[in-house]
Novice: 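Just passing along the structure, written as structure tokens.
Scope of the values below: all heavy atoms of this structure, side chains included, with no hydrogens, waters or symmetry mates. Heads up: numbering here begins at 1 and tracks the sequence.
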Amino acid sequence: MQIKLHLNGKEVLADVAPDMMLLDFVREQGCYSVKRGCETSNCGLCTVLMDNRPILSCSTLAVQADGHDVMTMEGCQEAAEEFGAFLADQGAEQCGFCSPGFIMNVLAMCQEMENPTDDEIREYLAGNLCRCSGYQGQLRAIHNYMAYKRREAKA
């Protein structure tokens, strides 16, 4: 089957098998930030943005992305690096394996929520598993980043 989509802002036209997962497709396109983890839609490592909404690429067929905009961390490197610095500042990056999927979700959350509570953040990020941290550093990093972005918007 042939699909056409925008991947990280660039039009991509490709032939894919009907059962190809979006995870495999974006990795074939060189987007190695998207990782395979649990393959049961539970860990969040494979998170990408489709039309600015986080989705799990391990449970989305590539053909479902036809006609859509798909963004991986490679397509939002500046914002990812900016938030990544906040994670590092709080010691919340640990091994970094979960960071790409986590960062994609945080960037989407920042577009949807202006000043979320800890409970709202936990609910939004419930599908992102980190084996290294206790999530407290990540929560601090998110609050600090969002406060920084609010100050930046007012300036």
Novice: So, taking the atom named CE in Met104 and the one named OG in Ser33, what distance separates them when rounded to the nearest 0.5 Å?
Specialist: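 The CE atom of Met104 sits 7.0 Å away from the OG atom of Ser33.
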Novice: Once salt bridge (Lys or Arg N to Asp or Glu O under 4.0 Å) is applied, do any residues pair with Glu152, and if so which ones, sequence neighbours excluded?
Specialist: Lys149
Novice: Quick test of your reading: applying salt bridge (charged side-chain N to carboxylate O under 4.0 Å, His left out), list the pairs with at least one residue in residues 97-110, sequence neighbours left out, ordered by first then second residue.
Specialist: none
Novice: Can you give each donor-acceptor pair under 3.5 Å made by side-chain atoms of residues 7-17, sequence neighbours left out, with the distance rounded to 0.1 Å?
Specialist:
from: Asn8; atom 1: OD1; to: Thr72; atom 2: N; distance (Å): 2.7
from: Asn8; atom 1: OD1; to: Thr72; atom 2: OG1; distance (Å): 3.4
from: Asn8; atom 1: OD1; to: Gly75; atom 2: N; distance (Å): 3.4
from: Asn8; atom 1: ND2; to: Thr72; atom 2: OG1; distance (Å): 2.9

Novice: So, using salt bridge (Lys or Arg N to Asp or Glu O under 4.0 Å) as the criterion, who are the partners of Asp119 when residues are at least two apart?
Specialist: Arg122
Novice: Can you list every pair that meets side-chain hydrogen bond (donor to acceptor under 3.5 Å, both in side chains) and has a residue in residues 96-112, with sequence neighbours left out?
Specialist: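 Every pair satisfying side-chain hydrogen bond (donor to acceptor under 3.5 Å, both in side chains) with a residue in residues 96-112: Thr47-Asn105, Arg53-Glu112, Asn105-Asn128, Glu112-Tyr124.
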Novice: Residues two or more places apart in sequence or in another chain: which of them pass side-chain contact (heavy atoms from CB on, under 4.5 Å) with Asp24?
Specialist: Met20, Met21, Arg36
Novice: Which value, rounded to the nearest 0.5 Å, describes the distance between Met113 atom CE and Glu120 atom CD?
Specialist: 4.5 Å
Novice: Which residues pass the side-chain hydrogen bond (donor to acceptor under 3.5 Å, both in side chains) test with Asp118, not counting sequence neighbours?
Specialist: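 Only His143 meet the side-chain hydrogen bond (donor to acceptor under 3.5 Å, both in side chains) criterion with Asp118.
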Novice: Could you give all pairs that pass the ring-ring contact (aromatic ring centres under 6.0 Å, His included) test and reach residues 40-83, with sequence neighbours left out?
Specialist: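 Matches after skipping sequence neighbours: Phe83-Tyr145.
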Novice: My understanding is that only residues two or more places apart in sequence, or in another chain, count here; which of them pass side-chain hydrogen bond (donor to acceptor under 3.5 Å, both in side chains) with Asp66?
Specialist: none
Novice: Supply the members, apart from Phe97, of the Ile/Leu/Val/Met/Phe/Trp/Tyr cluster built from side-chain contacts under 4.5 Å; use none for a lone residue.
Specialist: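 Answer for Phe97: Leu45.
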Novice: Taking ILVMFWY side chains as joined if any heavy atoms are under 4.5 angstrom apart, and letting links pass through other members, which residues group with Leu129?
Specialist: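 Besides Leu129, the hydrophobic cluster comprises Tyr135, listed by chain and residue number.
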Novice: Going by side-chain hydrogen bond (donor to acceptor under 3.5 Å, both in side chains), name the residues that satisfy it together with Thr60, two or more places apart in sequence or in a different chain.
Specialist: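 Result, side-chain hydrogen bond (donor to acceptor under 3.5 Å, both in side chains) vs Thr60: none returned.
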